[in-house]
Amino acid sequence: HKLEIEAGRHPVVERILPPGEKFTPNSCSLDNENDQIIILTGPNMAGKSVYLRQIGLIVLLAQIGSFVPAKKATIGIIDRIYTRVGASDNISAGESTFLVEMQEAANILNNATNKSLILLDEIGRGTSTFDGISIAWAITEYLHENPNINAKTLFATHYHELNEMAEIFPRVKNFKVE
């Protein structure tokens, strides 16, 4: 149930960087017992979304037996990678950005297992600030407290209020990107 990546890189971003610029490798450590959920905060364009996608891509590459762009990686079996990334709608079907986000979140909460990896990017932004914080908090708390899920989760957010969760829930950790 461990996911440990040392000096991981995002091969797509690395390839499209302008000449002379280098991708800064990142590490990640998640497990179901101590470090289940990482709340990742930081300013716009700091790399939160890239980090989430990087971890997802590395896990996918490892699961298919491919090259893994990292100095070292220990990745157990991941049954599914769930993502809620980006704002999208389906207006032609009468589905707002908020409705699509909630449908995707419900799918994750109803189907994730303790072998899943969940990547959440800005849950709750399709509504008012306080409603968004409440939704983000409730989803994170549910992932932490539901023993049937207990999935490894990375949650990038602008809601710094979620950092308080690390003081309340033992498997929630805070990280900041600058």
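Below, each value reflects all heavy atoms present in this structure, side chains not excepted, and no hydrogens, waters or symmetry copies. All of these numbers come straight from a predicted model, not from anything done at the bench.
Criterion: ILVMFWY side-chain heavy atoms under 4.5 Å apart, direct or through other members. Under it, W137 and I135 are part of a common hydrophobic cluster. Under a hydrophobic clustering in which Ile, Leu, Val, Met, Phe, Trp and Tyr are joined whenever their side-chain heavy atoms come within less than 4.5 Å, directly or via other members, L119 and I123 fall into different clusters. M45 and L17 are assigned to two separate hydrophobic clusters, defined by single-linkage of ILVMFWY side chains at heavy-atom distances under 4.5 Å. In the hydrophobic cluster analysis, where Ile, Leu, Val, Met, Phe, Trp and Tyr join through side-chain heavy atoms closer than 4.5 angstrom, F155 is grouped apart from I81. Both F169 and I133 are part of a single hydrophobic cluster, where members link through side-chain heavy atoms under 4.5 Å apart.
A donor-acceptor contact shorter than 3.5 Å links the side chain of Y159 to the backbone of G124. T83 places no side-chain N or O within donor-acceptor distance of the main-chain N or O of V85, the cut-off being under 3.5 Å. N32 contributes a side-chain N or O that, together with a main-chain N or O of N114, makes up a donor-acceptor pair within less than 3.5 Å. For the pair E101 (side chain) and S96 (backbone), a donor-acceptor distance under 3.5 Å is absent. For R84 (side chain) and M102 (main-chain N/O), no donor-acceptor pair under 3.5 Å exists by modelled atom type. Looking at K48, its side chain does come within 3.5 Å of a backbone N or O of P43 through a donor-acceptor pair. Looking only at distances, no side-chain donor or acceptor of K2 sits under 3.5 Å from a matching main-chain atom of L30. Q63 places a side-chain N or O within 3.5 Å of a backbone atom of I78 that can act as its donor or acceptor partner. Between the side chain of Y82 and the backbone N or O of E104 there is no donor-acceptor pair closer than 3.5 Å. Checking side-chain atoms of N111 against main-chain N and O of N107 turns up a donor-acceptor pair under 3.5 Å.
To the nearest 0.5 angstrom, I39 atom CD1 is 7.5 Å from N163 atom CG. With values rounded to the nearest 0.5 angstrom, I118 atom CD1 is found 9.5 Å from T140 atom OG1.
D131 and S134 form no side-chain donor-acceptor contact under 3.5 Å, judged by distance and modelled atom types alone. A donor-acceptor pair shorter than 3.5 Å can be found between the side chains of E122 and H158. A donor and an acceptor atom, one from each side chain of N26 and Q54, are located under 3.5 Å apart.
Here the side chains of D121 and R53 are in contact, with some heavy-atom distance below 4.5 Å. Put simply, the side chain of Q36 does not reach to within 4.5 Å of the side chain of V172, judged on heavy atoms. Side-chain atoms of I55 and I5, non-hydrogen and from C-beta on, do get closer than 4.5 Å to each other.
For residues 147-174, the salt bridge (Lys or Arg N to Asp or Glu O under 4.0 Å) pairs, not counting sequence neighbours, are D35-K173.
Closest non-hydrogen pair, Y51 versus S27, comes out as OH-O, 2.7 Å. Of all heavy-atom pairs between T113 and A151, the closest is O-CB, 3.3 Å. Listed here is the closest heavy atom pair of N174 and A166: ND2-CB, 3.4 Å. Residues I38 and S29 share a closest heavy-atom pair of CD1-O, 4.1 Å. Nearest heavy atoms, A156 versus L52: CB-CD1, 3.9 Å. Taking every heavy atom of both residues into account, L162 and A136 meet most closely at CD1-CB, 3.8 Å.
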> Going through the distances and angles, do L61 and F67 end up as a side chain to side chain contact (heavy atoms under 4.5 Å, CB included)?
Replying inline: CA-CA 7 Å; L61 290 170; F67 165 78; 5.8 Å; no
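Within 6.0 Å of CD1 on I64 lie more than 12 heavy atoms contributed by other residues, nucleotides or ligands.
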